[in-house]
Asker: 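Pasting in a structure now, in structure tokens, and then I'll have a few things to ask.
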Amino acid sequence: MSDATDPWLIVGLGNPGPDYAANRHNVGFMVADLLATRIGGKFKRAQKAQAQVVEGRMGLPGPASRRVILVKPMSYMNLSGGPVTALRDFYKVPTDHVVAVHDELDVDYGMLRLKLGGGDNGHNGLKSMTKAMGPDYHRVRFGIGRPPGRMQVADFVLKDFSSTERKELEFLVDRAADSVECLLAEGLERAQSAYNS
């Protein structure tokens with residue numbers, strides 16, 4: 001069982017490389033980048049895994065401050081579980097102190113849903129993480145909605161956000177980052193009541 005002194009592993013899910021940077025599937029990376037800026041850190045290559053990491057503290061100074069390791073797996077989405085599990089083990093992070101931030105098809109664009117555990121809903125990043133370490137980690141689900149018309153899901157998630165979506169994207173990524181900070185500082189129930197929409 002985890003306690004307040006255990007570190008947190010915040011995993012932004014996405015695909016590496018400039019071709020994917022603005023894709024819907026990469027919103028986890030966007031949130032991780034913003035959190036890194038907030039804690040004053042820069043992503044560096046991890047020694048122990050195929051990932052980029054930033055270590056720091058989140059929250060108010062003092063007892064409320066949480067040690068965090070921000071992670072962007074560099075293995076491509078469907079292989080995220082390997083690097084995440086390697087870093088979880090290296091930093092001795094309890095599984096319930098792992099938070100995956102990811103795009104979610106079954107939630108309307110810009111809406112958030114925070115939860116602990118559950119299925120992967122066809123998300124390859126979650127599928128890989130769950131296979132590697134079980135389902136008992138937190139998720140911050142960033143809604144991207146369903147593809148329009150007959151567009152295939154795989155095509156939709158690997159497209160950039162539309163120009164209409166981009167007008168709100170910065171605000172929504174900011175809100176998702178706030179929800180992660182709230183989860184760490186005040187717990188899941190408080191974060192759900194404040195951010196689940």
Asker: Please tell me if the side chains of V99 and L114 come closer than 4.5 Å, counting only heavy atoms from C-beta onward.
Answerer: no
Asker: Would you mind reporting whether V157 and L105 have side-chain heavy atoms less than 4.5 Å apart?
Answerer: yes
Asker: Under 3.5 Å, is there a donor-acceptor pair linking the side chains of E168 and Y109?
Answerer: no
Asker: To the closest 0.5 Å, what do you measure between OH (Y195) and CE (M111)?
Answerer: 14.0 Å
Asker: Does a salt bridge link R139 with D120, judged by any charged N lying under 4.0 Å from a carboxylate O?
Answerer: no
Asker: Under a 4.5 Å cut-off applied to non-hydrogen side-chain atoms, are L183 and L188 in contact?
Answerer: yes
Asker: When rounded to the nearest 0.5 angstrom, what is the spacing between NE2 in H123 and CG in N78?
Answerer: 11.0 Å
Asker: Using atom types as modelled and distance alone, determine if a side-chain donor or acceptor of E55 lies under 3.5 Å from a backbone N or O of I69.
Answerer: no
Asker: Evaluate the side-chain proximity of F156 to R24: yes if any heavy-atom separation is below 4.5 Å, no if none is.
Answerer: yes
Asker: Is it the case that N15 and N23 place a side-chain donor and acceptor less than 3.5 Å from each other?
Answerer: no
Asker: Could you walk me through whether R150 and D155 pass the salt bridge (Lys or Arg N to Asp or Glu O under 4.0 Å) test, one step at a time?
Answerer: CA-CA 11 Å; R150 294 169 180 255; D155 295 333; over 6 Å; no
Asker: Nearest 0.5 Å, what's the OG-NZ distance between S80 and K72?
Answerer: 13.0 Å
Asker: From D6 CG over to K92 NZ, what is the distance, rounded to the nearest 0.5 angstrom?
Answerer: 11.5 Å
Asker: Could I get the full list of ring-ring contact (aromatic ring centres under 6.0 Å, His included) partners for H138, not counting sequence neighbours?
Answerer: W8
Asker: Is there a side-chain contact between P147 and Q152 in this structure, where contact means two heavy atoms from C-beta onward sitting under 4.5 Å apart?
Answerer: no
Asker: Take V180 and R38 through the side-chain contact (heavy atoms from CB on, under 4.5 Å) test and state the conclusion after the steps.
Answerer: CA-CA 12 Å; V180 173; R38 287 185 182 185; over 6 Å; no
Asker: State the CZ-CG distance between R175 and L172, to the nearest 0.5 angstrom.
Answerer: 8.0 Å
Asker: When rounded to the nearest 0.5 angstrom, what is the spacing between CD1 in I144 and NE2 in H102?
Answerer: 10.5 Å
Asker: If you define the side chain from C-beta out and look only at heavy atoms, does anything of V140 sit under 4.5 Å from V101?
Answerer: yes
Asker: Does any part of the side chain of N124, heavy atoms only, come nearer than 4.5 Å to the side chain of Y76, both counted from C-beta?
Answerer: no
Asker: Within a strict 4.5 Å, meaning less than it, do heavy atoms of the V84 and P73 side chains meet?
Answerer: yes
Asker: Decide yes or no on side-chain contact (heavy atoms from CB on, under 4.5 Å) for V27 and F161, but give the supporting numbers first.
Answerer: CA-CA 10 Å; V27 74; F161 285 100; 4.2 Å; yes
